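For reference, the structure discussed in these notes is given below.
In this chain, numbering begins with 1 at the start of the sequence shown. Fair warning: this is a prediction, and the values are worked out from it, not measured in the lab. Counting convention: from 1, in listed order, for ligands and their atoms alike.
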Amino acid sequence: MTDLGGFCAALYKRGIRFVQVPTTLLAQVDASVGGKTGIDFQGFKNHLGVFQEPAGVFIDPKFLATLDPRQLKSGYAEVVKHALIADAAAFREQRINSVFIDDWTDAIQHSVALKQEIVAQDPLENGPRKLLNFGHTVGHALESFLLSQPGREILHGEAVAAGMICEAWLSVQHGLLNENDLDQIETFLFSVFEKVQFVSLETEAIADYARQDKKNTGSTINCTLLESIGRGVYNQPVTVAEIAASLRYYHRL
Ligand SMILES: NC(=O)c1ccc[n+]([C@@H]2O[C@H](COP(=O)([O-])OP(=O)(O)OC[C@H]3O[C@@H](n4cnc5c(N)ncnc54)[C@H](O)[C@@H]3O)[C@@H](O)[C@H]2O)c1
Ligand SMILES: [Zn+2]
């Protein structure tokens, strides 16, 4: 909702001041930081959007008490992502506490701080901000594909969790990440998220959606991969065939 509200406020009379009060974990740790607003268009995620910072953001973890656990987990995927790209110690802590914590205050503050630090270095996403796309090349492709299939839609974070496993596997294929780290990431994500269902015949069609990704330059798909847990690396060229292979790997798990 923060994306839609911010988008409308940014367009109305060429932009009016607005504040955000995010009430989902996803919006609190991710959408509320960094000034991105947008809506889905013609079946593609966030294809219409602008950068517009709100005048203020008010985050109250108490909202989460009434949030559907499925929505809570969806937001948690971004909390895990922030740790995987920038903070190995936070990932170790998440493996101990997992999603089953009562008070989200510290986890939200820490996750927001990690994202803020990255966004501050590169507000318009020409460089380091691309780190935040980890899990999203494959994740957005899966999310968009399933959005096109009535009754099979999944939540953003569920797609990102699957995307992080695929992209961690791609990181190993590219000689960046070691197998042990991949194993830890997979085991942890599967302890929180159910496997996203698709049939192996659909992998090419899903991978094809990655071509439409806003992050591409020309025909190269620029992906964010991991060098280790806690260290992302952006602008890694991957092919559509490699993305399909990562989906096949995920499907076999
Ligand atoms: N701009 C960004 O940087 C960014 C980052 C991450 C995700 N997103 C986008 O955000 C979108 C999801 O937004 P969202 O997480 O705000 O979801 P949402 O606004 O769609 O809300 C999800 C559901 O939870 C309900 N709900 C919300 N707060 C509640 C609460 N406190 N208690 C009970 N029910 C509550 C809503 O009514 C809705 O049914 C995704 O499409 C994703 O692409 C944007
Ligand atoms: Zn996301």
Per-residue contact class, [X] against ligand 1 - non-hydrogen pairs under 4.0 Å:
| X | result |
| --- | --- |
| D3 | side chain |
| K115 | side chain |
| Q71 | side chain |

Purely on distance, is any nitrogen or oxygen of [X] under 3.5 Å from one on ligand 1?
| X | value |
| --- | --- |
| L64 | no |
| T2 | no |
| T37 | no |
| T23 | yes |
| E143 | no |

Does [X] have more than 12 heavy atoms from other residues, nucleotides or ligands lying within 6.0 Å of its [atom1]?
| X | atom1 | value |
| --- | --- | --- |
| Q173 | CD | yes |
| E194 | CD | no |
| R248 | CZ | yes |
| D102 | CG | no |

As an exercise, identify every atom of ligand 1 less than 4.0 angstrom from a heavy atom of A27.
16 (O)
For ligand 1, which atoms sit closer than 4.0 Å to a heavy atom of H156?
7 (C), 42 (C), 43 (O)
In terms of heavy-atom contacts, V160 and F134 come closest through CG1-O, 4.4 Å
Looking only at heavy atoms, which two atoms of V196 and L146 are closest? And how far apart?
CG1-CD1, 3.7 Å
Strictly inside 4.0 angstrom of [atom], do you find any protein heavy atom?
| atom | answer |
| --- | --- |
| atom 15 (O) of ligand 1 | yes |
| atom 25 (C) of ligand 1 | no |
| atom 38 (C) of ligand 1 | no |
| atom 35 (C) of ligand 1 | yes |
| atom 20 (O) of ligand 1 | no |

List the closest protein heavy-atom neighbour of [atom]: residue, atom name, distance to the nearest 0.1 Å.
| atom | result |
| --- | --- |
| atom 17 (O) of ligand 1 | T24 CG2, 4.0 Å |
| atom 6 (C) of ligand 1 | D30 OD2, 3.1 Å |
| atom 41 (O) of ligand 1 | K45 NZ, 2.9 Å |
| atom 7 (C) of ligand 1 | L26 CD2, 3.6 Å |
| atom 2 (C) of ligand 1 | A31 CA, 3.4 Å |
| atom 32 (N) of ligand 1 | T66 OG1, 2.7 Å |
| atom 29 (C) of ligand 1 | L67 CD1, 3.5 Å |
| atom 13 (O) of ligand 1 | M1 N, 3.7 Å |

Among E143, K130, H156, find the residue that satisfies the side-chain hydrogen bond (donor to acceptor under 3.5 Å, both in side chains) test when tested with H136.
H156
Protein-side N, O or S atoms sitting under 2.8 Å from the Zn ion (ligand 2) are E78 OE2, H136 NE2, H156 NE2
Determine yes or no for a side-chain-to-main-chain donor-acceptor pair under 3.5 angstrom, with T187 supplying the side chain and Q184 the backbone.
no
Taking 4.0 angstrom as the limit, do E125 and K36 come out as a salt bridge?
yes
NZ/NE/NH1/NH2 to OD/OE distance under 4.0 Å, R70 and E158
yes
Report yes if the side chains of M164 and F193 come closer than 4.5 Å at any heavy-atom pair, otherwise no.
no
E78 CD to L114 CG distance, which is reported to the nearest 0.5 Å:
12.5 Å
Rounded at 0.5 Å granularity, tell me how far CG in L176 sits from OG in S228.
10.0 Å
Member of V99, V80, L84 meeting the side-chain contact (heavy atoms from CB on, under 4.5 Å) criterion with Q94
V80
Have Q121 and R129 got a donor and an acceptor in their side chains that come within less than 3.5 Å?
no
Evaluate W104 against Y76 for side chain to side chain contact (heavy atoms under 4.5 Å, CB included), listing each step before the verdict.
CA-CA 11 Å; W104 283 91; Y76 187 64; 3.6 Å; yes
Where do L72 and T24 land on the side chain to side chain contact (heavy atoms under 4.5 Å, CB included) test, with the steps shown first?
CA-CA 7 Å; L72 190 74; T24 67; over 6 Å; no
